[in-house]
Amino acid sequence: MPTGEELTEERRLKRDRLKQGGTEPYPYGFPDRTPMASVRQELQGQAPGGELSGVVRRVAGRLLTVRQHGKTAFLPLRDQTGELQLFLRVDDLGEDAYRQVLETIDPGDLVGAEGVPMVTRRGEPSVRATSVVLLAKSLRPPPEKWHGLQDTEARLRQRYVDLLSSAETLRRFEARSALVTEMRRYLGSQGFMEVETPVLGRVASGGLAHPFLTHYRFLEEDFRLRVALELPLKRLLVGGFERVFEIGKVFRNEDLDADHSPEFTMMELYWAYADYTDVRHLVEGLTEDLAKVAAPFLSKEEAEARVRDFTPPYPTIDYVEALEKESGIPDLVDLPRERLVALARECGAKVHEGMSHGAALDKVFGHYVEAKLDRPTFVLDYPVETTPLAKRHRSKPGRVERFELFYKGIELGNAYSELNDPDDQEARFREQLPPPSRTGAHEEEEAYAYDEDFVEALRYGMPPAGGLGMGVDRLLMAMLGASSIKDIILFPPTRAKAGNTTPSPASSAGPSK
RNA sequence: GGGCCUGUAGCUCAGUCGGUAGAGCAGGCGGCUCUUAACCGCAAGGUCCAGGGUUCGAAUCCCUGCAGGCCCGCCA
């Protein structure tokens with residue numbers, strides 16, 4: 001029965017037939033299960049046609065397809081660890097049970113079985129089933145067994161279908177988990193303590209971005225979702241914690257594309273009594289370690305390339321030297337603001353007239369230098385006006401102690417010797433604020449918001465410290481070779497389907513365009 | 001935000017010059033005791049993304065919209 005509803009109805013009928021026969025189509029569990037990979041392991045070295053006589057194993061998973069040959073049938077199942085086929089014979093199950101199983105199951109159903117691990121005459125590891133039970137009826141047919149789910153939109157909107165039909169997708173998100181777990185373990189081994197700080201706040205500072213707005217009913221105030229983790233973590237250094245980190249979602253109300261998602265995961269750490277050089281060596285250790293953990297999830301060639309790329313030390317280049325060398329323009333950094341804005345425009349960047357010197361410089365740098373940084377490379381010592389939260393350089397006037405790590409043309413991390421002079425911090429925040437003449441809501445949101453309480457915290461004294469921020473999704477893209485951030489995020493944001501929009505009270509509070 | 005591309009059966013895809021809709025998989029019925037996208041036979045299955053226009057006639061041409069992808073710009 002060919003339409004989608006008819007296919008669903010056909011499966012409902014099978015389910016109801018089972019129910020009428022006294023079989024529960026959604027039972028409560030399936031205890032004492034052995035993972036597919038373990039059964040395969042047990043069968044290693046078993047000759048074709050042989051079986052583990054006397055051994056009984058229970059396996060469960062999603063039914064991939066049914067290959068029936070009259071009185072025998074092969075039912076490949078998949079669980080999280082892998083695939084294994086059931087071998088069904090009338091001789092093992094009896095006529096009635098055999099017929100009932102084949103008449104009521106469909107590809108996509110969750111199925112459990114008990115039987116003897118064996119290897120078929122054709123050499124395929126299998127379980128010769130002595131009983132088969134339905135564990136959950138699937139009412140929807142799974143995607144085509146050979147091509148899988150190709151529709152990129154469906155894969156994002158219904159990630160569960162992508163996952164259940166693609167072992168590769170499942171594996172990629174296992175890799176994500178393994179890498180984030182390793183990041184926590186590694187930082188813990190270096191003495192860092194994981195903390196959690198608020199997502200909702202009155203000011204969204206620590207980064208340059210449009211915040212999401214929301215309303216806090218109890219406090220009767222508009223709040224913003226954080227755009228960075230930096231300022232609360234530094235307050236903790238003031239309080240006396242010496243090595244802290246946080247891994248959490250941050251929110252920037254901007255475009256979604258191949259390497260940006262409005263909601264993404266950030267890792268930031270702050271390290272008292274250290275500086276950005278210490279942080280640089282920590283980043284080398286961390287990324288080297290993560291590349292090794294990523295390796296088993298990659299093809300042999302890719303794994304070797306990744307481990308080779310992330311073998312420290314990584315080259316360092318000076319921001320100004322690199323920029324002048326790549327652009328061929330001497331003293332580019334010292335050009336007046338207007339000239340820089342014009343230059344940024346020539347580089348193809350979107351510019352607006354009031355754009356700051358630092359912002360224009362960043363565009364020019366991105367054009368001439370960043371795109372060319374293929375191997376992991378640290379760019380050191382940015383001009384002071386690009387970076388309001390970093391400490392002035394100890395020996396290079398007009399610069400701050402800051403580095404960014406680039407790989408394959410994208411930024412993976414950003415670190416400073418943290419600014420801890422409260423008066424300098426206050427002044428640097430104020431320089432970032434747009435001149436009053438053009439204080440539109442738009443530009444105001446884009447400046448590093450002035451966080452008065454943070455400056456107050458610094459007045460109590462923050463130890464000298466090094467700090468780091470890494471975009472976790474991008475780091476994972478780099479490690480796993482993903483070309484889109486959507487391949488790394490389980491449920492990326494999608495537009496509402498037509499006629500399916502939910503009216504939102506917060507949308508009217510968003511920045512007007 | 002600008003440019004290009006895509007949207008046809010549950011899934012993967014064809015569809016010529018504008019002439020009234022095709023295949024494979026999945027599903028139904030029948031056959032088959034070692035398959036690997038099993039195989040063989042039979043029958044069935046459509047809001048051609050939505051709306052409008054041109055035309056005797058539109059999946060096909062035009063316009064608008066919706067959704068997605070890629071490139072560019074941009075925040076990580």
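The chains referred to below are lettered A, B, ... by the order of the sequence lines, with proteins before strands, and numbering in each begins at 1.
For B:C34, neither phosphate oxygen OP1 nor OP2 lies less than 4.0 angstrom from any side-chain nitrogen or oxygen of A:Arg89. Distances shown here put a side-chain N or O of A:Thr65 below 4.0 Å from the OP1 or OP2 atom of B:A38.
Rounding to whole angstrom units, NE2 of residue A:His367 and C1' of B:G73 are separated by 13 Å. Regarding A:Lys145, its NZ atom lies at a distance of 8 Å from the C1' atom of B:A26, rounded to whole Å. Distance A:Phe74 CZ to B:C34 P: 7 Å, rounded to the nearest Å. Rounded to whole angstrom, the span from the CE atom of A:Met118 across to the P atom of B:C34 amounts to 12 Å. A:Arg121 places its CZ atom 14 Å from the P atom of B:U36, with the value rounded to the nearest Å. In this structure, CG of A:Asp257 is placed 9 Å from P of B:C70, rounded to the nearest angstrom. As a whole-Å value, the separation of A:Ile485 CD1 from B:C70 P is 13 Å. Regarding A:Glu6, its CD atom lies at a distance of 14 Å from the P atom of B:C11, rounded to whole Å.
Counting any heavy atom pair closer than 4.0 Å across all strands shown, A:Glu5 reaches no nucleic acid atom. In this structure, A:Gln150 reaches the sugar-phosphate backbone alone: every heavy-atom distance under 4.0 Å involves primed, P, OP1 or OP2 atoms, never a base. Contact annotation for A:Asp151: backbone-only contact, meaning every heavy-atom pair under 4.0 Å involves sugar-phosphate atoms and none involves a base. Within the nucleic acid shown, A:Gly70 comes within 4.0 Å of at least one base atom, counting heavy atoms only. Contact annotation for A:Ile410: no contact, since no heavy-atom pair falls under 4.0 Å across all strands. Using a 4.0 Å heavy-atom cutoff across all strands shown, A:Gly148 reaches sugar-phosphate atoms only and no base atom. Contact annotation for A:Thr152: backbone-only contact, meaning every heavy-atom pair under 4.0 Å involves sugar-phosphate atoms and none involves a base.
Residue A:His69 places its side chain closer to B:C34 than to any other of B:C34, B:U12, B:G68. Of the candidates B:U12, B:G68, B:U33, the closest approach to any side-chain atom of A:Thr494 belongs to B:G68. Comparing B:A67, B:C11, B:A37 by their closest approach to the side chain of A:Glu144 singles out B:C11. Comparing B:G69, B:G10, B:A38 by their closest approach to the side chain of A:Lys486 singles out B:G69. Of the listed nucleotides (B:A26, B:G28, B:C34), B:G28 has the atom at the smallest distance from the side chain of A:Glu10. When the nucleotides B:A26, B:U33, B:U36 are ranked by their closest atom to the side chain of A:Thr72, B:U33 comes out on top. With B:G68, B:C34, B:C11 as the choices, the nucleotide that has an atom nearest any side-chain atom of A:Pro143 turns out to be B:C11. Closest to the A:Arg67 side chain, of the nucleotides B:C32, B:U36, B:G1, is B:U36.
In terms of position along RNA chain B, the nucleotide closest to A:Lys71 lies nearer the 5' end than the nucleotide closest to the other residue of the pair A:Asn414 and A:Lys71. For the pair A:Ser261 and A:Thr120, nearest-nucleotide mapping onto RNA chain B gives the more 5' position to A:Thr120.
On the P atoms, B:A37 is 12 Å away from B:A26, given to the nearest whole Å. Comparing the same atom, P, in B:U36 and in B:A43 gives a spacing of 26 Å after rounding to whole Å. Separating the C1' atom of B:C17 from that of B:A9 is a span of 26 Å, rounded to the nearest Å. Atom P of B:U8 sits at a distance of 16 Å from the matching atom of B:U16, rounded to the whole Å. Rounded to whole Å, the C1' atom of B:G2 lies 41 Å from the corresponding atom of B:C56. Annotation: B:C48 and B:G10 have their P atoms spaced 11 Å apart (nearest Å). On the C1' atoms, B:A23 is 34 Å away from B:U64, given to the nearest whole Å. With C1' as the reference atom, B:C71 and B:C13 are 26 Å apart, rounded to whole Å.
Residues meeting the side-chain hydrogen bond (donor to acceptor under 3.5 Å, both in side chains) test with A:Asp16, sequence neighbours left out: none.
For B:C42, the paired base is B:G28 (Watson-Crick or G-U wobble, both distances below 3.5 Å). With a 3.5 Å ceiling on both atom-pair distances, the Watson-Crick or G-U wobble partner of B:G1 is B:C72. Nucleotide B:U6 forms a pair with B:A67, judged by Watson-Crick or G-U wobble geometry with both contacts under 3.5 Å.
Ion pairing between a basic and an acidic side chain is recognised when a charged N comes within 4.0 Å of a carboxylate O; A:Arg140 and A:Glu5 show such pairing.
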Under 3.5 Å, which donor-acceptor pairs link side chains of residues 484-491 of chain A to any protein atom two or more places apart or in another chain?
from	atom 1	to	atom 2	distance (Å)
A:Ser484	OG	A:Lys486	N	3.1

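In the interface, the side chain of A:Asp255 is paired with the base of B:G73 through a donor and an acceptor atom under 3.5 Å apart.
Residue A:Arg339 places its CZ atom among 12 or fewer non-hydrogen atoms of other residues, nucleotides or ligands, all under 6.0 Å distant. Heavy-atom contacts from other residues, nucleotides or ligands closer than 6.0 Å to CD of A:Gln150 number more than 12.
At least one donor-acceptor pair closer than 3.5 Å links the side chain of A:Thr81 to the backbone N or O of A:Met36. Remark: side-chain polar atoms of A:Glu144 are paired, donor with acceptor, to backbone N or O of A:Trp146 under 3.5 angstrom.
Side-chain atoms of A:Phe264 and A:Val250, non-hydrogen and from C-beta on, do get closer than 4.5 Å to each other.
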